[in-house]
Number of protein chains: 2
Amino acid sequence: MKPITLQEIADTLGISVSTASKALKDYPDVSQRTKRLVKELAATLNYTPNSFAVNLRTKESMTIGLIIPEVVHHFFSSVIKGIIYQAEKKGYLVITLQSNESYELEKKQIALLMRKNVDGILISLANQTANFDHLKEVIEQDKPLVMFDKIAKVLPCSKVIINDRKAAYTATKHLVDSGCKRIAHFRGPLLPQNSIDRFLGYKKAIEDHDIQYDPSLVYICEDMSFEEGKKYAQKLYEEHKDVDGIFVNTDLVAIGAITQLKELGVKIPEDIAIVGFSNWFMSSAITPTLTTIDQPGFKMGKTAFKRLLKEMKKKKNDEKTDPKIIELETSLVKRDSTPT
Amino acid sequence: MKPITLQEIADTLGISVSTASKALKDYPDVSQRTKRLVKELAATLNYTPNSFAVNLRTKESMTIGLIIPEVVHHFFSSVIKGIIYQAEKKGYLVITLQSNESYELEKKQIALLMRKNVDGILISLANQTANFDHLKEVIEQDKPLVMFDKIAKVLPCSKVIINDRKAAYTATKHLVDSGCKRIAHFRGPLLPQNSIDRFLGYKKAIEDHDIQYDPSLVYICEDMSFEEGKKYAQKLYEEHKDVDGIFVNTDLVAIGAITQLKELGVKIPEDIAIVGFSNWFMSSAITPTLTTIDQPGFKMGKTAFKRLLKEMKKKKNDEKTDPKIIELETSLVKRDSTPT
DNA sequence: GAAAATAACGAAAACGTTTTCGTTATATTT
DNA sequence: AAATATAACGAAAACGTTTTCGTTATTTTC
């Protein structure tokens with residue numbers, strides 16, 4: 001019932017705690033015979049080191065913290081999966097917290113993780129976060145920190161991202177190349193950098209191809225829901241009969257738009273071509289299948305953890321690491337919502 | 001840079017570590033004056049207790065483990081959200097692991113969590129898990145354990161579930177009440193109890209209403225994907241022209257089926273009525289909107305943690321708790337895929 | 001055969017708290 | 001004034017491990 005301790009192993013073997021400990025960790029200054037004895041006894045007694053004591057001694061817990069805006073989200077849950085997968089592979093556990101897109105919560109959670117002495121922190125920012133003092137604090141305390149996807153460019157820490165602007169450019173350019181002359185954009189909220197960058201990519205792409213930028217063709221989706229996709233598709237249909245292409249900030253909204261346009265009798269892609277963003281699994285399921293940008297969530301999670309691990313190791317050796325920005329490749333997935 | 005310790009506070013105040021500690025925790029045997037002094041200094045120095053030391057002393061870490069078959073899943077991610085939400089509210093952190101539906105991984109992860117000395121464990125079983133020795137071990141070690149959704153009935157621990165059989169009965173009965181005479185069932189894999197129960201509920205419902213059970217109307221979806229929904233809808237359409245209702249194991253498959261049937265020109269709900277299971281957010285988005293069973297994931301997560309917390313507290317007071325089975329209510333959400 | 005090297009072990013400090021139990025000094029009761 | 005109660009503090013053990021540094025005893029070297 002009571003867990004076995006080194007003390008007990010040492011006692012039954014008539015040796016000291018120190019040699020018992022050293023035997024288990026194959027120190028050179030303990031005889032083969034003793035090592036064998038200790039290891040055998042430990043195995044039969046099912047000994048496992050008390051992790052609390054180990055943590056206290058070694059000052060590390062092999063645990064990292066993860067703060068994410070929203071767990072119930074196809075992209076973020078893929079990232080979580082990647083992080084957990086990679087962490088477990090390397091012997092680390094992950095404490096997950098959800099900021100709910102709230103700055104206040106995010107701030108509290110950072111403090112919480114610092115108090116818990118996690119070995120490192122992974123974070124994707126809440127939309128509401130505009131002040132970064134809580135994160136600066138983390139960096140100043142020399143706690144390894146890696147941001148992913150929703151980042152703050154100004155912070156001196158490593159980041160794993162995609163090039164939203166470039167991807168949006170590619171998506172929009174694909175519409176242009178498909179023959180679209182008047183292209184609308186359903187964008188996300190004003191704050192997070194991602195939706196800004198995607199908007200800028202869109203704008204650059206049309207301007208580079210001699211299409212006049214028209215602000216009235218840009219619709220802002222506050223909560224990026226299916227319903228908003230339908231709503232703005234309806235509005236677009238009423239306000240701009242001449243639009244022949246839409247670049248949508250995210251697949252869910254795009255699918256909402258497609259649903260509505262289909263009901264209005266609009267032919268996709270003949271009348272209006274559509275490109276989404278994310279490559280959500282449903283985008284290959286609907287009719288027509290949705291052309292989109294593949295955003296590698298699982299890989300982003302893996303990469304972010306790998307980077308964090310590197311920084312945690314460096315820290316153990318009292319080495320400094322320079323912040324690194326890792327840009328993951330995205331790709332255009334051509335499907336039936338754009339003409340071949 | 002170096003974190004502040006009680007020792008340092010005690011030294012600068014010229015008192016002992018013990019009084020410093022007691023002052024912070026409002027022990028009665030320390031003067032108001034000293035308490036004030038210690039608290040003020042602690043505040044200005046930004047003192048936070050070293051959690052590793054606290055863990056070692058108190059033998060608890062205010063951390064629980066969570067093992068879930070798949071993170072990227074609308075229902076499970078809702079449960080996770082509920083767990084994290086409730087746990088954080090009560091000062092607990094959650095270490096999440098993913099079993100990937102693999103028994104071997106699940107076993108390893110249980111061992112891992114036990115070694116980490118989490119205060120309790122929450123688990124939803126992998127489909128592959130048929131042997132429960134690893135969980136019996138947990139119970140024997142007197143570590144609080146609560147199962148949810150995918151449970152093992154034989155284990156003597158608390159469980160939070162829905163009544164799959166009853167819910168499936170309700171769903172199928174709704175089809176009968178809507179006038180369906182020949183009702184098919186797209187079920188899940190053979191192993192997990194949930195798909196068995198849903199099948200049994202379906203079977204009972206039709207038999208209770210004098211409809212002959214016909215095994216050829218039951219299709220097994222191995223991975224419960226959108227594509228399988230399409231595939232078996234196609235098959236059903238070819239093999240059984242007379243079917244006028246389908247109860248589908250999960251919304252995603254149901255939506256696949258609807259998609260395919262629409263393409264075949266089948267009218268929903270006039271020709272074939274459909275009921276799903278889960279109340280995934282997309283089920284209110286598609287056309288026609290999907291009648292389904294609402295499965296309260298977030299609430300299940302909250303409830304499971306609450307139960308675990310109760311058992312953890314009891315354990316601290318050396319009290320025993322009897323396993324309790326908590327059944328959450330489900331409800332039929334009537335939408336357009338069944339006749340009004 | 002003395003000096004030096006090596007092998008094997010243990011004592012003890014350290015990690016930072018929490019909590020029990022004494023110990024003083026003062027205040028209260030008879 | 002003696003006996004008792006109370007208030008305020010500190011010493012020290014304990015949690016279980018890791019790791020440094022001595023200490024033996026044995027072996028090797030010249």
Side-chain angles (χ1 to χ4, degrees), chain A residues 1-39 41-42 45-63 114-119 141 316-318, chain B residues 1-39 41-42 45-63 91 114-119 316-318:
Chain A
M1 193 96 310
K2 279 280 135 207
I4 310 293
T5 69
L6 273 187
Q7 187 64 255
E8 289 164 29
I9 291 187
D11 286 352
T12 61
L13 250 46
I15 60 175
S16 76
V17 189
S18 9
T19 29
S21 172
K22 286 189 282 192
L24 288 175
K25 317 194 94 194
D26 273 324
Y27 271 56
D29 67 339
V30 45
S31 69
Q32 290 305 322
R33 194 185 113 84
T34 312
K35 279 184 187 172
R36 193 170 43 75
L37 256 44
V38 173
K39 283 179 181 171
L41 186 58
L45 292 184
N46 225 321
Y47 166 79
T48 69
N50 179 310
S51 65
F52 296 155
V54 176
N55 292 163
L56 179 59
R57 235 339 273 240
T58 61
K59 293 176 179 305
E60 58 176 17
S61 56
M62 302 295 279
T63 302
M114 292 299 279
R115 281 205 303 278
K116 280 275 171 179
N117 285 311
V118 291
D119 297 346
Q141 303 259 345
K316 260 183 88 170
N317 304 337
D318 281 320
Chain B
M1 193 93 311
K2 278 280 133 209
I4 311 292
T5 69
L6 274 186
Q7 188 64 256
E8 290 164 28
I9 291 188
D11 286 352
T12 60
L13 250 45
I15 60 175
S16 75
V17 189
S18 8
T19 31
S21 171
K22 286 190 282 192
L24 287 176
K25 315 194 96 195
D26 272 324
Y27 271 55
D29 67 338
V30 43
S31 70
Q32 291 304 323
R33 196 185 112 83
T34 312
K35 278 183 188 173
R36 193 172 41 76
L37 256 46
V38 173
K39 283 178 182 173
L41 185 58
L45 292 183
N46 226 321
Y47 166 78
T48 68
N50 179 310
S51 65
F52 296 155
V54 177
N55 292 347
L56 179 59
R57 236 337 272 239
T58 61
K59 294 179 178 300
E60 59 175 17
S61 57
M62 302 295 280
T63 302
M114 291 299 279
R115 280 205 303 278
K116 279 277 172 177
N117 285 310
V118 291
D119 297 345
K316 260 183 88 171
N317 304 337
D318 282 320

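Quick note on labels: first sequence line is chain A, next is B, and so on, each numbered from 1. Note that the structure is a prediction, hence the values are computed from the model and not measured.
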Quick one: [X] [atom1] to [N] [atom2], roughly how many Å, whole number?
X	N	atom1	atom2	result
A:Asn50	C:dC15	CG	C1'	13 Å
B:Glu60	C:dT19	CD	P	10 Å
A:Arg115	C:dG16	CZ	C1'	17 Å
B:Leu6	D:dA11	CG	C1'	16 Å
A:Ile4	D:dC15	CD1	C1'	16 Å
A:Lys35	C:dA7	NZ	C1'	12 Å
B:Leu56	C:dG16	CG	P	12 Å
B:Asn55	D:dA14	CG	C1'	16 Å

Nearest 0.5 Å, please: how far is [atom2] in [Y] from [atom1] in [X]?
X	Y	atom1	atom2	answer
A:Gln141	B:Lys2	CD	NZ	11.0 Å
A:Tyr47	A:Leu24	OH	CG	6.5 Å
A:Leu37	A:Arg33	CG	CZ	5.5 Å

Counting the atoms with a prime plus P, OP1 and OP2 as sugar-phosphate, which does B:Asp29 contact under 4.0 Å by heavy atoms, base, sugar-phosphate, or nothing?
base
Could you check whether any side-chain N or O of [X] sits under 3.5 Å from a backbone N or O of [Y], counting only pairs where one atom can act as donor and the other as acceptor?
X	Y	result
A:Asp119	A:Glu60	no
B:Asn55	A:Phe52	no
B:Thr58	B:Val54	yes

Just compare [options] and give me whichever is closest to any side-chain atom of [X].
X	options	value
B:Thr19	C:dC9, D:dA8, D:dG10	D:dG10
A:Ser16	C:dG16, C:dG10, D:dC15	C:dG10
B:Arg57	D:dG16, C:dT18, D:dC9	C:dT18
A:Ser18	D:dC9, D:dT17, C:dA12	C:dA12

Using a cut-off of strictly less than 4.0 Å, decide whether B:Lys59 has a side-chain nitrogen or oxygen near OP1 or OP2 of C:dT18.
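No, because none of the side-chain N or O atoms of B:Lys59 sits under 4.0 Å from OP1 or OP2 of C:dT18.
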| said: Strictly below 4.0 Å: does A:Ser31 bring a side-chain N or O up to OP1 or OP2 of C:dC9? | reply: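 For C:dC9, OP1/OP2 do have a side-chain N/O of A:Ser31 under 4.0 Å.
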Whether the A:Ser21 and A:Ser18 side chains hold a donor-acceptor pair (N or O, under 3.5 Å, no angle test) is what I'd like checked.
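No - no donor-acceptor pair under 3.5 Å links their side chains.
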Comparing B:Gly14 with A:Pro49, nearest DNA chain D nucleotide closer to 5' gives the residue B:Gly14
Sorted by number, residues from residues 20-28 of chain B placing a heavy atom under 4.0 Å from DNA chain D are B:Lys22
